[in-house]
Engineer: 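Provided herewith is a single structure, encoded as structure tokens, for subsequent inquiry.
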Amino acid sequence: MPAMDVTPLLDPLNEQQREAVTLSPGPALVLAGAGSGKTRVLVHRIAWLIAVEGVSPLGIMAMTFTNKAAAEMRGRAESLLGMSVSGMWVGTFHGLAHRLLRAHWQDAGLPQTFQILDADDQYRLVRRVLRSLELDESRWPPRRVQGHINARKEEGLRADRVQTGKDPGDGQMAHIYATYEEACRRAGVVDFAELLLRSLELLRGNASLLEHYRGRFQHLLVDEFQDTNDLQYAWLRLLAGDRRQVFAVGDDDQSIYGWRGARIEHIQDFSKDFPDTRIIRLERNYRSTETILQAANHLIGHNEGRLGKELWTEGSTGDPLVIYEAFDDRDEARFVAERVRYWTEQGHGRSEIAVLYRSNAQSRVLEEAFVALGIPYRVYGGQRFFERAEIKDALAYLRLLANRDDDASFERVVNQPPRGVGERTMVNVRDYARRHGTSLWAAAQALVARGGLTTRAANALRGFLEGIDGMARTPAGSLKDRVEQVVAASGLKDHYAKEKGERGQARVENLDELVSAAQGFEYDPDEHGDMDELGAFLAHAALESGQAQGDAWEDCVQLMTLHSAKGLEFPLVFLCGMEEGLFPHQMSMAEPSRLEEERRLCYVGLTRAQRQVILTYAQQRRLHGADNANMPSRFIGELPAELVEEVRPRAMMQRPVYRTDRRDAEESESGMRIGARVRHRKFGEGVVVDYEGSGDHARVQVNFEQVGSKWLVLSYARLEPA
DNA sequence: ACAAATACTGTTTTT
DNA sequence: CAGTATTTGT
């Protein structure tokens, strides 16, 4: 690499960023606050290594958390350098692990055609295993079992090394785990955690291989380091070896994936595991107003055990944060929609606005409000493309084409669309497979061949087997042709077309979209050289869930969860549903560490905003069909009062009277209503959640912040409005 | 074996 | 409540 002008590399950087980018060899940890130019530092570091240090792209591995981040990193590095860096390994931990396993499938003890099991596939397989062991699903909830297995794998524990003893169920659980592993092995499938664990074991158990990769990847870069789990961290350490050329970028205040194994502690461990680590803090924020930063700093200050970081800016002060107390979730949604309309009337784009919420379920009411006002919006996340039932059906056919022994896929589509292969037949097939230790496919073949079935069942099953073989024999010109062929020949398209209502229509459209996806799929021989195009496409489908809709670039309001907002920025940000129980979420309130994670999530939300934050909460919210009354989120109280401005609902926004029943009459009589916040001299503040009786006998149920839920007789309790 | 009806259940975040 | 899983009826 010729010496080049380093001006474009260093000019756009501030002092700390430049220090990080130009660091001499050795382990480095960059603590990059929100909006401090984290991605920029990573990209420029890569460019610096290549252009100035003369490192070959082949010698660099960069690990990210999402596929999007990986693509962005590669793209930005290429445009900065003005050259292709295709030899560089950039990807998610899972993607890179997959690549490694593909290259060394034999050493890893996998079939060449091994497939990836996504969360849903895994869930199904767990259930199948439970059934085969004749275990009661109420005593062994499949989801818990699934979580348990994944947790063990993330600890690096195989079934045979799981500790048993303390709990009598432990032994049984270990047995389930072992049976599950065996089922995976037989089907030639690998779940997400297995990708990481298996590749870790591969490197650990194969000294020459490890030496090879250590030699090749002289430089490791990690994005979102605070989100690494134990397995990923072990992976990193192993690969780094003694060279310790690790450049990790992260922010302990933005660690929001603890629930799925991410360990914030790795940030602290890093300096111990890699002696002489240089730590650089990026605290200058280029995104938000000073007001927003102060609010965010103040909020996150309520967490303990932080590494400590204070964002600052030279930007303007900006407007205070706005808080709106809605009557209910629909009122909240309407308020948001109206504010959006107001914002766009000021000449701003809709795509400058993000509406963030804690859980996906909250999006629906918001969507309805946007539809009502005719405001285009786009929802991120939720059900993703490759997770839809019809898409998974089609993929199952494709997977069977690639690997006949994929039992999960076999089970999924053997009778989808219905072709006369019923439960009875499948019991036979499964039984045969278990007794002979073969795959379902082989068992079905054997049973059909030697007539262990009724004629009807045998014909139906033969129809399926021959259908698959027939498709396999038919040469397909391109991947797109193949997918198109499978969608049609499997009968899926006809089947879904017959489904009545809009649902069937949508499913057919999705199948068509799958064909387009296949057509648009970019087969990169550089990265997928060891797989055929179909295999690469299937891996892509499993590893990259795909956005819900790849809809055009229309100017849309962006709706998404707080989690999926990480890494993004918007001029205007709404944080909706700021209520105790919802955010912080019920399930995370008891444990301090989980509560802190919720607070970090709130911090992430606030720091997405460039100019304005609007927080909303509802006194009453409909959730899974029941009305709930919640206290405002404690996080609202943790914002500096002087930076916050409460807007009052307009008079006509007061409680709509849509119903005049007995309860309404009672309420108006006493002035008490559900959702009202009250204070009790002993119990403190709470929310009225239920009400019965009238006059002197009237009783209210109040959910108190401190002492929980209590029924009180109104005439004695001396409640006052809070 | 299939379709329709009923029961049930789960309800945070997702590579 | 809404989507799925199981049961029931044909």
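Convention: sequence-line order gives letters A, B, ...; per-chain numbering from 1. Computed over heavy atoms, backbone and side chain alike; hydrogens, waters and symmetry mates excluded.
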Engineer: Testing L239(A), L221(A), L236(A) one by one against M61(A) for a side-chain contact (heavy atoms from CB on, under 4.5 Å), which residue passes?
Structural biologist: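 One option only clears the test, and that one is L239(A).
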Engineer: Taking atom types as modelled, is there a side-chain donor on N229(A) or H266(A) under 3.5 Å from an acceptor on the other?
Structural biologist: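 Per modelled atom types, N229(A) and H266(A) side chains form no pair under 3.5 Å.
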Engineer: Polar atoms only, N or O, under 3.5 Å: list the protein pairs with nucleotides 9-11 of chain B and their distances.
Structural biologist:
from	atom 1	to	atom 2	distance (Å)
dT11(B)	OP2	R143(A)	NE	3.3
dT11(B)	O2	H624(A)	ND1	2.4
dT11(B)	N3	H624(A)	ND1	3.3

Engineer: Given F192(A) and K153(A), is the side chain to side chain contact (heavy atoms under 4.5 Å, CB included) satisfied, shown in steps?
Structural biologist: CA-CA 10 Å; F192(A) 279 128; K153(A) 287 194 181 188; over 6 Å; no
Engineer: So, is T425(A) near the phosphate of dA1(B), with a side-chain N or O under 4.0 Å from OP1 or OP2?
Structural biologist: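 So the side-chain polar atoms of T425(A) do come within 4.0 Å of the phosphate oxygens OP1 or OP2 of dA1(B), strictly under.
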Engineer: Any chance CZ of R143(A) has more than 12 other-residue heavy atoms, nucleotides or ligands included, within less than 6.0 Å?
Structural biologist: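 Incorrect, the count does not exceed 12.
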Engineer: Calculate the interatomic distance between E72(A) atom CD and dT15(B) atom C1'; express it in whole Å.
Structural biologist: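 Answer to the nearest Å: 17 Å.
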Engineer: Please report the distance, rounded to the nearest Å, between CG in D227(A) and P in dT13(B).
Structural biologist: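 Going from CG in D227(A) over to P in dT13(B) covers 17 Å.
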Engineer: Would you classify N360(A) as touching base, sugar-phosphate or nothing, given that sugar-phosphate means primed atoms plus P, OP1 and OP2, and contacts are heavy atoms under 4.0 Å?
Structural biologist: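 Answer is sugar-phosphate: N360(A) comes under 4.0 Å of backbone atoms only.
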Engineer: Grab the CZ-C1' distance between F386(A) and dT14(B) for me, whole Å please.
Structural biologist: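 After rounding, the gap between these two atoms is 16 Å.
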Engineer: Apply the side-chain contact (heavy atoms from CB on, under 4.5 Å) test between L366(A) and each candidate in V355(A), V379(A), D329(A); give the one that qualifies.
Structural biologist: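 The residue from V355(A), V379(A), D329(A) that satisfies side-chain contact (heavy atoms from CB on, under 4.5 Å) with L366(A) turns out to be V355(A).
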Engineer: Verify side chain to side chain contact (heavy atoms under 4.5 Å, CB included) between Y617(A) and F583(A), making sure each step is shown before the conclusion.
Structural biologist: CA-CA 10 Å; Y617(A) 62 94; F583(A) 188 32; over 6 Å; no
Engineer: Heavy-atom count around E522(A) CD within 6.0 Å, excluding the residue itself: above 12?
Structural biologist: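 12 or below, so no.
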Engineer: Where does the chain A footprint on DNA chain C start and end, counting 5' to 3' with a 4.0 Å heavy-atom cut-off?
Structural biologist: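 Range of nucleotides within reach of chain A: dC1(C) to dT6(C).
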Engineer: Checking contacts here: which listed nucleotide (dT14(B), dT15(B), dT12(B)) is nearest the side-chain heavy atoms of N67(A)?
Structural biologist: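 The listed nucleotide nearest to N67(A)'s side chain is dT15(B).
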Engineer: So that I know where these two stand, are Y357(A) and F574(A) an aromatic pair - ring centroids less than 6.0 Å apart?
Structural biologist: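 Aromatic pair excluded; centres sit 6.0 Å or further apart.
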Engineer: Near M587(A) CE, under 6.0 Å, is it more than 12 heavy atoms from other residues, nucleotides or ligands?
Structural biologist: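 No, CE of M587(A) has 12 or fewer neighbouring heavy atoms, counting only those of other groups under 6.0 Å.
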Engineer: How many whole angstroms separate atom CZ of R600(A) from atom P of dT13(B)?
Structural biologist: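 Rounded to the whole Å, the gap is 18 Å.
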Engineer: Just checking Y257(A): base, sugar-phosphate only, or nothing, at a heavy-atom cut-off of under 4.0 Å?
Structural biologist: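 Sugar-phosphate, no base atom in range.
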Engineer: Can you tell me which nucleotide in dA1(B), dT15(B), dT12(B) comes closest to the side chain of R456(A)?
Structural biologist: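 Out of dA1(B), dT15(B), dT12(B), the nucleotide with an atom closest to R456(A)'s side chain is dA1(B).
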Engineer: Mind checking R127(A) for me? I need base, sugar-phosphate or nothing, with any heavy atom below 4.0 Å counting as a touch.
Structural biologist: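 The answer is sugar-phosphate, as R127(A) gets under 4.0 Å only of primed atoms, P, OP1 or OP2.
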Engineer: Mind calculating the distance between CD (E423(A)) and C1' (dA1(B)) to the nearest angstrom?
Structural biologist: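 Whole-Å distance recorded here is 11 Å.
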Engineer: Using only modelled atom types and a 3.5 angstrom limit, is any donor from either the side chain of R260(A) or the base of dT13(B) paired with an acceptor on the other?
Structural biologist: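 It does not, because no donor-acceptor pair links the side chain of R260(A) to the base of dT13(B) below 3.5 Å.
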Engineer: Can you identify which nucleotide, out of dA3(B), dT14(B), dT15(B), has its nearest atom closest to the P418(A) side chain?
Structural biologist: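 Comparing dA3(B), dT14(B), dT15(B) against the side chain of P418(A), the answer is dA3(B).
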Engineer: Any chance the side chains of Q226(A) and D251(A) put a donor and an acceptor closer than 3.5 Å?
Structural biologist: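 Q226(A) vs D251(A): no donor-acceptor pair found between side chains.
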Engineer: So, using side chain to side chain contact (heavy atoms under 4.5 Å, CB included) as the criterion, who are the partners of D431(A) when residues are at least two apart?
Structural biologist: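 If we apply the side chain to side chain contact (heavy atoms under 4.5 Å, CB included) test to D431(A), skipping adjacent residues, the hits are R434(A), R435(A).
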Engineer: With a 4.0 Å cut-off on heavy atoms, is N415(A) in touch with a base, just the backbone sugar-phosphate, or nothing at all?
Structural biologist: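 Here N415(A) touches the backbone only, sparing every base.
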Engineer: Taking N and O atoms by type only, does the side chain of W259(A) place a donor or acceptor under 3.5 Å from a partner on the base of dT13(B)?
Structural biologist: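 Looking at the base of dT13(B), it does pair with a donor or acceptor on the side chain of W259(A) (distance under 3.5 Å).
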Engineer: Measure the distance from NE2 on H94(A) to C1' on dT14(B) and round it to the nearest whole Å.
Structural biologist: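 Whole-Å distance recorded here is 10 Å.
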Engineer: Starting the side chain at C-beta, find the nucleotide from dT14(B), dT12(B), dT15(B) nearest to T561(A).
Structural biologist: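 Side chain of T561(A) sits closest to dT14(B).
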Engineer: Let me spell it out: for each of G422(A) and S564(A), pick the nucleotide of DNA chain B with the closest heavy atom. Which residue's pick is nearer the 5' end?
Structural biologist: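 Closer to the 5' end of DNA chain B: G422(A).
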Engineer: Can you tell me, in whole Å, how much space there is between the C1' of dT12(B) and that of dA5(C)?
Structural biologist: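 Rounded to whole Å, the distance is 23 Å.
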Engineer: Give the rounded distance in Å between these two atoms: CD of E579(A) and P of dT12(B).
Structural biologist: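 Roughly 16 Å, once rounded to whole Å.
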Engineer: Expressed as a whole number of angstroms, how long is the span from L601(A):CG to dT14(B):P?
Structural biologist: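 L601(A) atom CG is separated from dT14(B) atom P by 10 Å.
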